[in-house]
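Some notes on the structure that comes next.
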Amino acid sequence: MKKQIYAVIFAVSALASCGNLSQYTTVGENASVKAKLRACMLNEANAKFQEGTLLSKSLTETADEISDTCIKRLALQAAGLDTEAASNAQTILNNLINAAD
């Protein structure tokens, strides 16, 4: 898994300099879990690259962060909770803010 993540980070750097990253970062709903994970990791690594934070931590820490984020995201999507979780969290935060006022 680590080798895959290192390869993704390297690929993002190379592809970002070429420009057309979207063909590698979008997958269909019926794509395999591996394809979805790869696309997610490319998106996360590209976002970090664009922000200038791709290598602000060690390579291992960045790889762990990207893989953890994508694994959690895919698990929420598989459970059908990806959009619901964000909405619920927002409602909870709004309720806490209103209770504090």
Side-chain angles (χ1 to χ4, degrees):
M1 182 71 153
K2 295 284 185 204
K3 288 181 183 179
Q4 262 188 337
I5 295 168
Y6 292 141
V8 167
I9 290 172
F10 176 76
V12 165
S13 300
L15 291 173
S17 62
C18 296
N20 190 11
L21 190 60
S22 64
Q23 66 185 16
Y24 303 106
T25 59
T26 49
V27 292
E29 195 174 302
N30 296 326
S32 70
V33 174
K34 283 185 178 184
K36 288 179 181 179
L37 181 60
R38 189 177 318 114
C40 179
M41 290 190 303
L42 278 168
N43 280 316
E44 287 297 311
N46 185 47
K48 288 185 172 298
F49 178 77
Q50 297 299 322
E51 294 167 0
T53 60
L54 182 62
L55 297 176
S56 62
K57 299 177 182 176
S58 74
L59 194 59
T60 301
E61 289 173 320
T62 302
D64 287 344
E65 183 179 326
I66 288 171
S67 63
D68 288 347
T69 298
C70 289
I71 289 169
K72 288 175 187 174
R73 184 174 295 147
L74 291 176
L76 286 171
Q77 286 174 352
L81 300 173
D82 52 333
T83 54
E84 185 179 325
S87 175
N88 287 343
Q90 201 168 28
T91 301
I92 290 168
L93 291 174
N94 283 333
N95 289 340
L96 288 173
I97 290 169
N98 291 336
D101 290 336

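Numbers here simply count residues along the sequence, with the first being 1. All figures in this text were calculated on a predicted structure; none of them were measured in a lab. For the numbers below, each heavy atom of this structure counts, side chains included, while hydrogens, waters and symmetry mates do not.
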Considering all heavy atoms of both residues, which atom of Cys70 and which atom of Leu37 are nearest to each other, and what is their separation? CB-CD1, 3.7 Å
How many angstroms lie between atom OG1 of Thr69 and atom CE of Met41, to the nearest 0.5 angstrom? 11.5 Å
By side-chain contact (heavy atoms from CB on, under 4.5 Å) - contacts of Ala78 (at least two apart): none
Give, for atom CD of Gln50 and atom CG of Asn43, the distance between the pair rounded to the nearest 0.5 Å. 11.0 Å
Qualifying residue for side-chain contact (heavy atoms from CB on, under 4.5 Å) with Gln90, from Leu93, Ile92, Asn94: Asn94
Closest contact, heavy atoms only, Ala35 versus Val27: O-CG1, 3.8 Å
Nearest-0.5 Å distance that lies between atom CD in Glu44 and atom OG in Ser67: 10.5 Å
Please round to the nearest 0.5 Å and tell me the distance separating atom CG of Asn46 and atom CG of Leu42. 8.0 Å
How long is the span from the NZ atom in Lys57 to the OG1 atom in Thr60, to the nearest 0.5 Å? 12.5 Å
Could you pull out the closest heavy-atom pair between Arg73 and Cys40, with the gap in Å? NH1-SG, 3.5 Å
Quick check against the 3.5 Å criterion: does Thr62 have a side-chain atom that pairs as donor or acceptor with the backbone of Leu54? yes
Between OG on residue Ser56 and NZ on residue Lys48, distance to nearest 0.5 Å: 6.5 Å
